[in-house]
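Beneath this line is the structure, given in structure tokens, with notes to follow.
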Number of protein chains: 2
Amino acid sequence: MTPQRQLVVDAVRALGHATPEQICTRVQETAPAVNITTIYRTLELLERIGLVRHTHLGHGAPTYSEQEHQHVHLVCHHCGSVAEAPTDLMDQLAARLRDESGFTLDATHVALSGRCADCAEDADADPTDSTEQETDR
Amino acid sequence: MTPQRQLVVDAVRALGHATPEQICTRVQETAPAVNITTIYRTLELLERIGLVRHTHLGHGAPTYSEQEHQHVHLVCHHCGSVAEAPTDLMDQLAARLRDESGFTLDATHVALSGRCADCAEDADADPTDSTEQETDR
DNA sequence: CTACCTGCAAACAGTTTGCCGCCTG
DNA sequence: CAGGCGGCAAACTGTTTGCAGGTAG
């Protein structure tokens, strides 16, 4: 466990969810010379040994978190907000998939896409709202 | 509706699921001068008017398909295979999300990640199999 | 003539690779 | 001295942008 690797672990812990880029910035606050390449290589290693995990929140870069951070993520494809839900939400779906097609679901690896409560209201109230963004869809 | 646009529509129809790159290759078989930029711009337009839709199957490029192609996609993060399941699979989950958090789920927009039946068997049979690939996770 | 459409080149984000030098055992 | 580790530059994929010429109404 080299100093760089320890810093990456610390950064992941401190940031909660973070992209490799964000982790790099954070690490560089204490060790400016550290290269983004090292971040990627270290994250890959940390993931292989089970210390961290990553989740795809949508289009952009994946976010890394501690192994223990297990949630279902709900991203709003309208405003881009990310909500967390307990994993047991997917239990019955997972069971059904397993029974019907032998597919073992990894509920936390990719976020579910949809529209959050706030944006649903906005759509009702003012469909032509100028604050529209359309993050991904 | 310009010739280029028609070709893009035709390509999406013909290919079923395809990345912008694949669509471009296909279009260029009949119109070699067509640029990838045009593919992107056309797909964006076709999506806005509701002729096509796109789905994130994982890490890489999104895949475009006809609007009518509505399935839940199951990607195996081990072998990379993509299976299709009926959308009603997610109905009870969608209902629960709507009731509990006001989140309107778009079940078809992002693929569910997990391990397919074949790869689950492989893991049992031979965990150190040299054909291992680890597509994403 | 005006507006839209297209092609091309360039830029951009995110990620990976090759190489080389360094440090440690 | 051998192997792992890390820094740097370069390549690569996927995507977007600015610009300029062309074409149709």
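Every chain is numbered from 1 and lettered A, B, ... according to where its sequence line falls, protein lines coming before strand lines. Note that the coordinates shown come from a computational prediction; the quantities given were computed from them, not determined experimentally.
Rounded to whole Å, the distance from NE2 on His54(B) to C1' on dG14(D) is 13 Å. Between the NE2 atom of His59(B) and the C1' atom of dG14(D) there is a distance of 14 Å, given to the nearest Å. Rounding to whole angstrom units, CD of residue Glu21(B) and C1' of dG14(D) are separated by 7 Å. Put simply, CG on Leu43(B) is 14 Å from C1' on dT16(D), counting in whole angstrom units. Atom-to-atom, CZ of Arg5(A) to P of dG4(D) comes out at 11 Å; the value is rounded to the nearest Å.
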| field | Worked verdict on Thr42(A) versus Leu46(A) for side chain to side chain contact (heavy atoms under 4.5 Å, CB included) | value | CA-CA 6 Å; Thr42(A) 303; Leu46(A) 294 175; 3.8 Å; yes
| task | Tell me, with the steps shown, if Asp118(A) and His78(A) meet side chain to side chain donor-acceptor pair (under 3.5 Å). | result | CA-CA 10 Å; Asp118(A) 291 348; His78(A) 189 249; over 6 Å; no
| Pair His17(A)-His69(A), side chain to side chain donor-acceptor pair (under 3.5 Å): steps then yes or no | CA-CA 9 Å; His17(A) 279 131; His69(A) 181 89; 2.9 Å; yes
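Residue Asn35(A) places its side chain closer to dG7(D) than to any other of dG6(D), dG7(D), dG14(D).
Put simply, the residue from Val8(A), Val52(A), Thr55(A) that forms a side-chain contact (heavy atoms from CB on, under 4.5 Å) with Tyr64(A) is Val52(A).
Residue Pro3(B) is out of contact with every strand shown, counting any heavy-atom pair closer than 4.0 Å. Counting non-hydrogen atoms under 4.0 angstrom, Arg41(B) reaches a base of the nucleic acid. Residue-level contact check: Pro62(B) touches the backbone only, with heavy atoms under 4.0 Å from sugar-phosphate atoms and none from bases. Thr2(B) comes within 4.0 angstrom of sugar-phosphate atoms only, judged by non-hydrogen atoms across all strands, and of no base.
The minimum heavy-atom distance between Gln70(B) and Thr87(B), with the atom names listed, is O-CG2, 3.6 Å. In terms of heavy-atom proximity, Pro20(A) sits nearest to Pro62(A) at CD-O, 3.4 Å.
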| remark: The contact string for nucleotides 20-25 of chain D, one letter per nucleotide 5' to 3', using protein heavy atoms under 4.0 Å with B, S and - for base, sugar-phosphate only and none, comes out as ------
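Salt-bridge annotation for Arg53(B) and Glu47(B): absent, with no side-chain N of the basic residue lying under 4.0 Å from a carboxylate O of the acidic one.
Of all nucleotides in DNA chain C, those with any atom nearer than 4.0 Å to a heavy atom of chain B start and finish, going 5' to 3', at dC5(C) to dA9(C).
Evaluation of the side-chain hydrogen bond (donor to acceptor under 3.5 Å, both in side chains) rule for Arg5(B) yields no partner, not counting sequence neighbours.
Closest-nucleotide positions on DNA chain D for Thr37(B) and Ala33(A) were compared, and the one nearer the 5' end corresponds to Ala33(A).
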